[in-house]
Amino acid sequence: MTKKINSREENLLSFLWSKNIPMTSSEMMKCLEPEGWKQITLMKTIQSLVEKDYLEVVGLEKAAKTYARQFYPKISKDEFFYHLIEEKNIDEKSFINITAAFLGNCKIDQDSKEELIGKLENLIEEFKRSV
């Protein structure tokens, strides 16, 4: 599932990941219109992401006398960026260096740092057990 997507498609996926609920195109439009989205652009972007297998119809919602399709990403944000990294041929050593640079430059509060450290320690312990 690593078909190329454009920035508009990535923006829509990011929006849906942030909402984390199935949404109809009308619901999306209400949120995205203030950001400059037009109905035709949204519909074309949804269709393109469905064709590229990044979005799927997960339900129907009654709207007046008709039904509207509800869409949800078929891939998580983490999986999406993992595939991008893999696609760029970034090996384990480079990834470790990129992660270290990211952590050295991230500006987060102390509680978030402690939470991140805990998660990293758990990952390291899991990795050690699997070796």
Side-chain angles (χ1 to χ4, degrees):
M1 180 180 299
T2 56
K3 294 178 181 165
K4 300 274 188 224
I5 65 173
N6 62 39
S7 61
R8 184 65 80 172
E9 293 166 336
E10 187 174 341
N11 287 341
L12 184 58
L13 278 176
S14 291
F15 167 76
L16 291 169
W17 288 323
S18 72
K19 293 298 183 185
N20 199 30
I21 57 170
M23 296 182 79
T24 65
S25 61
S26 296
E27 292 168 330
M28 289 180 224
M29 194 65 219
K30 285 178 189 170
C31 297
L32 295 170
E33 192 170 28
E35 296 179 22
W37 283 74
K38 303 292 182 213
Q39 184 72 31
I40 189 72
T41 304
L42 177 62
M43 298 309 289
K44 286 181 179 181
T45 305
I46 289 171
Q47 184 60 38
S48 178
L49 287 170
V50 168
E51 288 172 2
K52 292 177 181 178
D53 213 26
Y54 283 101
L55 273 187
E56 65 181 329
V57 176
V58 294
L60 296 172
E61 183 177 285
K62 189 160 176 71
K65 294 182 179 182
T66 62
Y67 287 89
R69 297 176 297 165
Q70 293 177 312
F71 298 94
Y72 195 76
K74 286 183 82 170
I75 185 171
S76 73
K77 187 176 186 177
D78 294 339
E79 291 170 319
F80 176 78
F81 284 103
Y82 168 78
H83 289 299
L84 281 182
I85 288 169
E86 189 178 51
E87 213 172 76
K88 301 290 182 191
N89 294 320
I90 295 174
D91 62 13
E92 291 83 4
K93 185 176 180 183
S94 295
F95 184 73
I96 290 168
N97 293 335
I98 291 167
T99 303
F102 175 77
L103 292 174
N105 291 310
C106 71
K107 294 168 178 55
I108 56 176
D109 60 52
Q110 190 60 35
D111 289 340
S112 296
K113 283 183 181 180
E114 289 174 15
E115 181 182 346
L116 179 59
I117 289 168
K119 287 180 179 180
L120 289 170
E121 287 173 340
N122 288 339
L123 285 171
I124 290 167
E125 287 305 314
E126 286 178 31
F127 187 71
K128 284 179 180 178
R129 285 192 292 272
S130 71
V131 174

Notebook entry, point to check: Does any N or O in the side chain of Thr41 come within less than 3.5 Å of the main-chain N or O of Trp37, such that one atom is a donor and the other an acceptor?
Noted result: no
Margin query: Within a 6.0 Å radius of atom CZ on Arg69, are there more than 12 heavy atoms belonging to other residues, nucleotides or ligands?
Written below: no
Next item on the list: Would you kindly confirm whether Ile75 and Ile85 end up in one hydrophobic cluster when ILVMFWY residues are joined by side chain heavy atoms under 4.5 Å apart?
Entry: no
Margin query: Would Lys62 pass as a cation-pi partner of Tyr67, given that its NZ or CZ must be under 6.0 Å from the six-membered ring centre and within 45 degrees of the axis?
Written below: yes
Item checked: Atom pair CD/CD of Glu79 and Glu86 - distance to nearest 0.5 Å -> 11.5 Å
Next item on the list: Please assess Met28 against Ile46 for the test side-chain contact (heavy atoms from CB on, under 4.5 Å), listing each intermediate value before the final yes or no.
Entry: CA-CA 10 Å; Met28 289 180 224; Ile46 289 171; 3.9 Å; yes
Next item on the list: Quick one: pull up CG in Leu13 and CG in Leu49 and give me the separation to the nearest 0.5 Å.
Entry: 5.0 Å
Item checked: Between CD on residue Gln39 and NZ on residue Lys44, distance to nearest 0.5 Å -> 12.5 Å
Checklist line | same_hphob_cluster(Leu16, Tyr82) at 4.5 Å side-chain heavy-atom cutoff | finding: no
Check: Which atom names give the shortest non-hydrogen contact between Met23 and Lys19, and what distance separates them?
Finding: SD-CG, 3.8 Å
Next item on the list: Return the minimal non-hydrogen interatomic distance between Tyr72 and Pro22, and the atom names on each side.
Entry: CD1-N, 3.6 Å
Notebook entry, point to check: Within a radius of less than 6.0 Å around CZ of Phe95, do more than 12 heavy atoms belonging to other residues, nucleotides or ligands occur?
Noted result: no
Checklist line | Crowding at CD, Glu33 (>12 non-hydrogen neighbours, <6.0 Å) | finding: no
Next item on the list: State, to 0.1 Å, how close Ser25 and Leu42 come at their nearest heavy-atom pair, and which atoms those are.
Entry: O-CD2, 3.4 Å
Notebook entry, point to check: Do Phe102 and Ile90 sit in the same hydrophobic cluster, where Ile, Leu, Val, Met, Phe, Trp and Tyr count as joined when their side-chain heavy atoms come under 4.5 Å apart?
Noted result: no
Notebook entry, point to check: Got a second to check how far Leu116's CG is from Glu121's CD, nearest 0.5 Å?
Noted result: 10.0 Å
Checklist line | Salt-bridge present (Lys3, Asp53; N to O < 4.0 Å) | finding: no
Check: How long is the gap from CD on Glu51 to CD on Gln47, to the nearest 0.5 Å?
Finding: 4.5 Å
Checklist line | Heavy atoms from other residues, nucleotides or ligands near NZ of Lys93 exceed 12 (cutoff 6.0 Å) | finding: no
Notebook entry, point to check: With a 4.0 Å cut-off, would you call Lys52 and Glu9 a salt bridge?
Noted result: yes
Notebook entry, point to check: Do the side chains of Ile108 and Glu115 get nearer than 4.5 Å, heavy atoms only?
Noted result: no
Next item on the list: State, to 0.1 Å, how close Val58 and Phe71 come at their nearest heavy-atom pair, and which atoms those are.
Entry: CG2-C, 4.4 Å
Check: How close do Gln70 and Glu61 get, heavy atom to heavy atom, and via which atoms?
Finding: NE2-OE1, 3.3 Å
Notebook entry, point to check: Going by atom types only, do Ser14 and Asn11 share a side-chain donor-acceptor pair under 3.5 Å?
Noted result: no
Next item on the list: Give a yes or no on whether Gln110 atom CD has more than 12 heavy-atom contacts from other residues, nucleotides or ligands under 6.0 Å away.
Entry: yes
Check: Would you call the rings of Trp17 and Phe80 parallel, tilted or perpendicular, where under 30° means parallel and over 60° means perpendicular?
Finding: tilted
Checklist line | Leu120 reachable from Phe127 in the ILVMFWY side-chain graph, under 4.5 Å edges | finding: no
Margin query: With clusters defined by side-chain heavy atoms of hydrophobic residues (ILVMFWY) lying less than 4.5 Å apart, directly or transitively, does Ile96 cluster with Ile117?
Written below: no
